[in-house]
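The structure appears right after this line, and notes come after that.
Both ligands and their constituent atoms are indexed starting at 1 by order of listing. One-based numbering along the sequence shown.
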Amino acid sequence: MSKIPLLGTGLNGLVGSKFVADFGDIYDFTNLDLRHSQQPTDITNQQQVYTALNNSSAKFVVHMAAYTDVTGAFQQTGDQTAPCYQINVKGTENLVRACNATDKHLIHLSTAYVFDGEKKEAYKETDSTNPIEWYGQTKALAEEVVMKDAKTWTILRIDQPFRNDIFPKVDTLHRIIEGMRSDQLHPQFTDHHFGPTYINDFVKIIDLVIRQRMIGLYHASSGESWTDYEFAKAVNNILQLDFEVRRGSLAKYLKTSRRPYQKNTALNIDKLKKFLDFKPRSIKQAIGETIL
Ligand SMILES: NC(=O)c1ccc[n+]([C@@H]2O[C@H](COP(=O)([O-])OP(=O)(O)OC[C@H]3O[C@@H](n4cnc5c(N)ncnc54)[C@H](OP(=O)(O)O)[C@@H]3O)[C@@H](O)[C@H]2O)c1
């Protein structure tokens with residue numbers, strides 16, 4: 001069977017590279033990337049984005065490129081000429097325009113950081129966004145551009161993605177493992193909740209969106225809610241790392257930090273569940289699959 005042509009941005013990244021690794025038999029990927037040997041594409045360059053899309057027969061563009069360094073983004077707060085705004089907002093605007101001009105469906109990756117983190121329960125798609133720092137603000141602006149201007153779109157929001165193998169950009173799970181192994185893991189917050197996303201399963205959701213032509217906004221984490229402390233303890237116990245996890249407090253930490261942190265970024269995935277045709281692993285199962 002011939003492969004389905006598929007355009008993507010950020011296909012070298014933490015999430016994108018796993019999608020390419022696991023779905024290389026099904027999709028013929030073209031990465032719109034600065035490092036591409038024949039046709040480098042900077043998504044902040046409208047002409048380069050249009051040319052790349054116009055040259056492709058792909059019906060879908062999976063947009064995963066982003067400026068993802070949240071602390072680095074905070075230092076750029078309000079600066080629309082700096083990389084965070086240019087990549088996250090301008091880059092997305094360029095993709096929306098080019099998708100519209102070439103009749104392609106845009107699948108846009110977003111984040112739970114579009115919320116303020118004040119809600120006690122997991123966030124639903126119907127909850128209002130209210131980002132509290134620059135990365136979240138630029139990602140919320142990007143979502144607005146997609147929802148308002150794209151002719152046909154899907155947005156997938158995730159939180160704290162991790163994968164089972166080691167990747168150069170250290171994810172939530174591997175940061176904890178490294179911290180334990182070097183005996184430098186900070187006390188873990190008992191008052192910070194998040195919604196871990198197992199990338200090995202999330203990439204199947206991207207494929208599902210394409211196969212089932214799902215449109216609109218979906219939360220696409222594991223649907224579980226964990227504190228940093230409970231998550232670190234589970235990593236320690238399941239992987240038998242023999243480390244004593246200490247309790248910490250986000251509330252206390254926030255008194256010393258200039259950068260704001262959301263207290264809760266867990267996501268409710270009931271809307272997505274109606275479409276799932278595979279059984280995603282629980283977070284405990286996912287941790288158990290870690291390649292040490
Ligand atoms: N990581 C998280 O904690 C997290 C949490 C929630 C949501 N998300 C969202 O999930 C998506 C994927 O995140 P990730 O962690 O996989 O990202 P990542 O590992 O930081 O990779 C970002 C990618 O963007 C590409 N890129 C950056 N600037 C570009 C430009 N001007 N033109 C073309 N490509 C450019 C990079 O290309 P090079 O490799 O060539 O530099 C890289 O492949 C993003 O939309 C992010 O906002 C991530």
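- Looking only at heavy atoms of the protein, atom 27 (C) of ligand 1 is closest to Ala66 O, 4.0 Å.
- Within the structure, ligand 1 lacks Ala112 among the residues with a heavy atom less than 4.0 angstrom away.
- Heavy-atom separations between Gly91 and ligand 1 are all 4.0 Å or longer.
- Considering backbone and side-chain atoms together, Arg35 places an N or O closer than 3.5 Å to an N or O of ligand 1.
- For Thr111, no nitrogen or oxygen atom sits less than 3.5 Å from a nitrogen or oxygen atom of ligand 1, counting backbone and side chain alike.
- By the criterion of a heavy-atom distance under 4.0 Å, neither the backbone nor the side chain of Asp171 is placed next to ligand 1.
- Polar contact with ligand 1: present for Asp42 (N/O pair, distance under 3.5 Å).
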(message) Walk me through whether Phe29 and Phe23 qualify under ring-ring contact (aromatic ring centres under 6.0 Å, His included).
(response) CA-CA 9 Å; Phe29 289 101; Phe23 283 89; 8.1 Å; no
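- Enclosure of atom CD in Glu244 is not indicated, since only 12 or fewer non-hydrogen atoms of other residues, nucleotides or ligands lie within 6.0 angstrom.
- The side chain to side chain donor-acceptor pair (under 3.5 Å) with Asp228 is formed by just one residue from the set His193, His186, His192; it is His192.
- Not a single heavy atom of Thr9 lies less than 4.0 angstrom from ligand 1.
- Below 3.5 Å of separation, one finds an N or O of Val15 facing an N or O of ligand 1.
- Residue Asp33 has at least one nitrogen or oxygen atom sitting less than 3.5 Å from a nitrogen or oxygen atom of ligand 1, judged on distance alone.
- Ligand 1 has no N or O atom lying under 3.5 Å from any N or O atom of Thr44, backbone or side chain.
- Looking at ligand 1, you'll find an N or O of Ile43 within less than 3.5 Å of one of its N or O atoms.
- Heavy-atom proximity to Asn12, at under 4.0 Å, picks out these atoms of ligand 1: 39 (O), 43 (O).
- Remark: ligand 1 atoms within the under-4.0 Å shell around heavy atoms of Thr41 are 32 (N), 33 (C).
- Geometrically, ligand 1 and Gly16 share no nitrogen or oxygen pair separated by less than 3.5 Å.
- Inspection of the Thr154 and His108 side chains reveals no N or O donor paired with an N or O acceptor under 3.5 Å.
- Counting protein heavy atoms only, atom 44 (C) of ligand 1 is closest to Met64 O, 3.3 Å.
- Ring planes of Tyr261 and Tyr253: perpendicular class, angle over 60° (limits at 30 and 60°).
- Closest to atom 19 (O) of ligand 1, if we only count protein heavy atoms, is Leu14 N, 2.8 Å.
- Contact between Gln262 and Phe115 at its shortest, heavy atoms only, is CG-O, 3.5 Å.
- Using a 4.5 Å cut-off on side-chain heavy atoms (C-beta onward), Asp33 and Thr9 make no contact.
- No donor-acceptor contact under 3.5 angstrom links the side chains of Thr41 and Gln48, judged on distance only.
- In this structure, the side chain of Arg97 does not engage the main chain of Gln46 through any donor-acceptor pair within 3.5 Å.
- In summary, the side chains of Thr265 and Asp159 do present a donor paired with an acceptor at a separation below 3.5 Å, with no hydrogens or angles considered.
- Checked by atom type, the side-chain pair Arg259/Thr71 shows a donor-acceptor distance below 3.5 Å.
- Rounding to the nearest 0.5 Å places CZ of Phe189 at 7.5 Å from OG of Ser249.
- Only the side chain of Thr68 comes within contact range of ligand 1, with a heavy atom under 4.0 Å; no backbone atom does.
- Between Ser110 and ligand 1, not a single N/O pair is under 3.5 Å apart.
- For the 3.5 Å distance criterion, the side chains of Tyr67 and Gln76 qualify, holding a donor opposite an acceptor.
- For atom 1 (N) of ligand 1, the closest non-hydrogen atom of the protein is Lys169 NZ, 3.4 Å.
- If you check which protein heavy atom lies closest to atom 34 (N) of ligand 1, you get Ala65 CB, 3.8 Å.
- Heavy atoms of Gln86 found under 4.0 angstrom from ligand 1: none, in either backbone or side chain.
- Within the 4.0 Å heavy-atom criterion, the part of Tyr135 lying near ligand 1 is the side chain and not the backbone.
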